[in-house]
There are 2 protein chains.
Amino acid sequence: MIIEVNQAPVYIVDDDSDFRESLAWLLDSGGYQCRGFASAEAFLEAYQGEAACLLLDVRMGGMSGLELQHQLLERDYLLPVILITGHGDVPMAVEAMKNHAVDFISKPFDDSQLLALLQRVMAELPQRFKRQALRHQARAGWAELSGREREVAVLVAEGLSNKALAEALGISIKTVEIHRSRVMKKMAAQSLAQLVKMLGTLAQP
Amino acid sequence: MIIEVNQAPVYIVDDDSDFRESLAWLLDSGGYQCRGFASAEAFLEAYQGEAACLLLDVRMGGMSGLELQHQLLERDYLLPVILITGHGDVPMAVEAMKNHAVDFISKPFDDSQLLALLQRVMAELPQRFKRQALRHQARAGWAELSGREREVAVLVAEGLSNKALAEALGISIKTVEIHRSRVMKKMAAQSLAQLVKMLGTLAQP
DNA sequence: TTTTCCCTAGGTGATAATGCCCATGGACAG
DNA sequence: CTGTCCATGGGCATTATCACCTAGGGAAAA
């Protein structure tokens, strides 16, 4: 059997230490580097935004798995979340999936199925975190834009030329050029394509 | 009470005619234009891709709601699907949400809750179908591109200038310009921004 | 073999974008 | 009242992009 070593760690959050350990054993055997947390609060305190995958128990003392997932969304962390529960119901599962969980698994589950799921998730981790980085950059830049600059940014990303923009806003091409230049600088965009992508990440939740 | 008339129709697919009618009554009272279908097959035959919202029963004779949802995904229809079921289980709900259902509702449900959900869905319909149109345009254009043109298209959308592209591919700037021009023409993109957005819709499932 | 498609590349000119200088007037905080 | 930010706009030079023309070589299909 070939054991691959995956660089990105898997974080297990569950207040049942036995379950954490048995899950850790499974993941170790799959070649994953993993670390356990006994509560959602402990994880939130330790997590710094690095690329990883999260295995999350729904029912826990203190903050529940769903609440933790919501917290991560609010902090704009796009790390993939797999929820695990002993006694889940439909509304709970729907809520989790609405909040962009990768999967919602009921115990007991098939070990090989979880490993297969993790493999898929790990494969798309780079894309996910590239997207997260772009989104954070976009948020930071957008916050620095003035009102007029935001208007210009949106229309530039719509594909309008400076000329068309000037007509649309009723100002001179020169002024558009200046706004546009400031937009690119403040958003730290190296190209129009990157600006378009950044604004795209802001448009979608 | 103010009754709004929403232009986009709501399609109800359920093999229980009583339920279809009671649901239609509810939606009428909410100002929605709606139409019922007795089976998934009947709906698929009638649907032409127009903007709409879909209320879908999970259990039906013939094709199930989940199967219909899957069919719509395969045909690249991005119309919003709300699944309704009498006896749903967790895996079923998870599967539906993975396939981009807007919601998964168990009977009996609260009427006002469904109306509120529909209001949200209808509000974002224009965005959704703009995105679908862009995606279809992107697929059609992409199919016509040659191998080299696809390479160029990807790198252009990454933000590379013609000069950088020429160096990356080891060809002259002139040739890059020609490929790029053909890409824009075949993809029917009016601007670089639109090309970037189109390739973005292809990248995501 | 001839036709067709793809990739290659140069020339010329028009249009667009970018970066640098300059400046004016309003609004708002200190 | 003065400094700062914002929006406005002109000039000038460089680079980029794009649209039109030209054309050769290779590969695959008819």
Side-chain angles (χ1 to χ4, degrees), chain A residues 133-134 136-203, chain B residues 133-134 136-203:
Chain A
L134 204 62
H136 286 170
Q137 185 187 341
R139 280 197 193 287
W142 185 258
E144 290 185 3
L145 296 186
S146 70
R148 201 53 151 172
E149 284 161 359
R150 290 182 185 180
E151 291 183 70
V152 170
V154 169
L155 294 178
V156 164
E158 292 289 325
L160 276 72
S161 69
N162 288 351
K163 192 175 169 186
L165 247 157
E167 288 169 9
L169 296 179
I171 56 181
S172 78
I173 293 183
K174 186 67 209 180
T175 305
V176 172
E177 286 173 351
I178 295 176
H179 286 315
R180 181 170 181 155
S181 167
R182 294 214 177 107
V183 166
M184 295 299 282
K185 185 164 196 167
K186 288 184 180 176
M187 300 286 289
Q190 265 76 40
S191 62
L192 173 57
Q194 207 187 343
L195 180 71
V196 172
K197 288 181 183 176
M198 283 198 276
L199 292 193
T201 66
L202 291 184
Chain B
L134 206 62
H136 287 170
Q137 185 186 340
R139 280 198 193 285
W142 185 257
E144 290 185 2
L145 296 186
S146 70
R148 203 54 152 170
E149 285 162 358
R150 289 182 185 181
E151 291 183 70
V152 171
V154 169
L155 294 178
V156 164
E158 291 289 325
L160 276 72
S161 68
N162 288 351
K163 193 175 169 185
L165 246 158
E167 288 168 9
L169 296 179
I171 56 182
S172 77
I173 293 183
K174 189 66 211 181
T175 306
V176 171
E177 287 175 350
I178 295 177
H179 285 315
R180 181 171 181 156
S181 166
R182 295 218 175 102
V183 166
M184 296 298 283
K185 186 165 195 167
K186 289 184 180 176
M187 300 285 289
Q190 264 76 42
S191 63
L192 172 58
Q194 207 187 341
L195 180 70
V196 172
K197 289 181 183 178
M198 282 198 278
L199 292 193
T201 67
L202 291 184

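Bear in mind that the values here come from a model prediction, so they are computed numbers and not experimental data. Numbered from 1 within each chain, the chains take letters A, B, ... in sequence-line order.
Side chain of B:Lys186 to main chain of B:Glu144: a donor-acceptor pair is present (N/O by atom type, distance under 3.5 Å, no hydrogens or angles). In this structure a side-chain-to-backbone donor-acceptor pair under 3.5 Å is present from B:Lys197 to A:Ala157. For A:Gln194 (side chain) and A:Gln190 (main-chain N/O), a donor-acceptor pair under 3.5 Å exists by modelled atom type.
For the pair B:Glu144 CD and C:dC6 P, the interatomic distance rounds to 10 Å; values are reported in whole Å. Per the geometry, CD belonging to A:Glu151 stands 15 Å off P belonging to D:dC6, to the nearest Å. Rounded to whole Å, the distance from CD on B:Glu149 to P on C:dC6 is 7 Å. Atom CD1 of A:Ile173 is separated from atom C1' of D:dG10 by 13 Å (rounded to the nearest Å). With rounding to whole Å, A:Leu165 atom CG is found 12 Å from D:dT8 atom P. For the pair A:Leu145 CG and D:dC5 C1', the interatomic distance rounds to 14 Å; values are reported in whole Å.
In terms of phosphate contacts, B:Ser172 brings a side-chain nitrogen or oxygen within less than 4.0 Å of OP1 or OP2 of C:dA9. At least one side-chain nitrogen or oxygen of A:His179 sits closer than 4.0 Å to the OP1 or OP2 atom of D:dT8. Dashed line: the shortest gap from a side-chain N or O of B:Ser146 to OP1 or OP2 of C:dC5 is not under 4.0 Å.
Taking both residues in full, the closest heavy atoms of A:His179 and A:Glu149 are given as ND1-CG, 4.0 Å, listed atom of the first, atom of the second, then distance. For A:Ala193 against B:Glu158, the heavy-atom pair with the smallest separation is CB-C, 4.2 Å.
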Between the protein and nucleotides 14-21 of chain D, list every N/O to N/O distance that falls short of 3.5 Å.
unit_1: D:dT17; atom_1: OP2; unit_2: B:Asn162; atom_2: N; d: 3.2
unit_1: D:dC18; atom_1: OP2; unit_2: B:Arg180; atom_2: NE; d: 2.9
unit_1: D:dA19; atom_1: N6; unit_2: B:Lys174; atom_2: NZ; d: 3.3

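Looking at A:Glu177 and A:Arg180, no side-chain N of the basic residue comes within less than 4.0 Å of a carboxylate O on the acidic one, giving no salt bridge.
Closest to the side chain of B:Ile171, from the set D:dC6, C:dA9, D:dG9, is C:dA9.
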